[in-house]
Amino acid sequence: MRPLVRPLDAPPLMRADLHVHSSASDGTDPPAEVMRRAARAGLDVVALTDHDTVAGHAEAAAAAGPVTLLPGMELSCRLDGRSLHLLAYVFDPDQPDLAAELTRIRDDRVLRARAMVDRLAGLGVDVSWEQVAAIAGQAVVGRPHIARAMADSGAIGSPREAFTRDWIADGGRAYVGRYALDPVRAIGLVRAAGGVTVLAHPRAGSEGGRGGGWGVTDEQITGLAAAGLAGLEVFHPDQSDAERARLLALAHDLGLVATGGSDDHGSLTDYRLGCETTSAGAYHDLLSRAPGNPA
Ligand SMILES: [Zn+2]
Ligand SMILES: [Zn+2]
């Protein structure tokens with residue numbers, strides 16, 4: 001396991017994974033199973049952060065057991081023409097402006113997935129929209145569902161092979177872009193709904209996988225901090241120790257909370273729940289910044 005760069009004051013007795021997906025978006029496990037795995041992994045806190053939806057929260061809360069569920073979401077944003085992900089926590093999902101944006105994002109996901117299926121058909125891949133919709137089920141449809149349909153059809157050997165420039169990676173032959181929020185607006189919407197935002201994996205490897213992993217610049221992060229961003233996701237499996245050190249220094253300079261999370265997607269990411277965590281001090285600092293949750 002990768003050695004972790006940790007703040008010296010991090011209390012060792014609390015384990016909080018603040019970035020986890022379920023089958024409510026593109027993870028492979030239902031929310032209840034995610035919470036059972038969290039208990040087995042010895043986690044104290046898990047944030048369920050499915051893409052652009054809170055649909056998994058009720059099931060996860062009912063199955064939380066000894067684990068504290070932190071309600072969250074990973075918002076799809078675009079800054080200067082590139083994908084960027086914002087983790088949002090403890091907001092009111094029924095706040096009208098935020099709810100309207102979430103509906104718009106999810107509706108667009110369907111249009112976009114259909115467009116990618118059409119492009120794949122044009123490339124000779126025998127995958128139908130009905131197959132993709134059946135695989136997604138109640139989940140927010142996304143590229144992993146298309147990847148699974150491609151593997152089922154025999155076009156590729158495994159779903160991972162879909163995430164290349166030949167197929168549906170960012171900029172790939174069958175890739176279609178989509179509607180995404182301006183992150184400054186997203187930060188404001190979440191704050192207005194009583195919540196806090198953390199910039200997800202700002203320096204994750206740029207292998208062109210599920211998107212959102214690219215080098216957000218120091219200047220861009222400084223701008224987001226001025227707009228009310230509360231934290232930076234420093235501890236993420238796809239960020240090198242060198243990037244973690246740089247991000248920790250930047251978080252310190254800008255007064256941002258340094259968080260961590262596994263970005264677990266079930267079998268899609270080899271069940272890595274709890275492989276990265278947030279310190280107890282950072283966790284409480286983050287929650288204390290929520291306008292709707294004064295500590
Ligand atoms: Zn992400
Ligand atoms: Zn994620």
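Just so you know, these numbers use all the heavy atoms, side chains as well, and skip hydrogens, waters and symmetry mates. Just follow the structure's listing: the first ligand is 1, and inside any ligand the first atom is 1.
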* Is any N, O or S atom of E74 under 2.8 Å away from the Zn ion (ligand 1)? -> yes

* To do: Give a yes/no answer: is there an N/O/S atom of H19 under 2.8 Å from the Zn ion (ligand 2)?
  => yes

* To do: Taking only Lys NZ, Arg NE, NH1 and NH2, and the carboxylate oxygens of Asp or Glu, determine whether E233 and R244 approach each other closer than 4.0 Å.
  => no

* To do: Find out whether the Lys NZ or Arg CZ of R37 is both under 6.0 angstrom from the six-membered ring centre of Y271 and within 45° of the ring's axis.
  => no

* Flag the pair R178 and D107 as a salt bridge only when some basic side-chain nitrogen lies within less than 4.0 angstrom of an acidic carboxylate oxygen. => no

* Asked: Ion pair present between D218 and R203, side-chain N to carboxylate O less than 4.0 angstrom?
  -> yes

* Shortest-distance N, O or S atom of H85 relative to the Zn ion (ligand 1) -> ND1

* **Heteroatom test (N, O or S) for H51 near the Zn ion (ligand 1), limit 2.8 Å** => no

* Can you say whether the rings of H21 and H51 are parallel (under 30°), tilted (30 to 60°) or perpendicular (over 60°)? -> parallel

* To do: Measuring from the Zn ion (ligand 2), name the closest N, O or S atom belonging to D263.
  => OD1

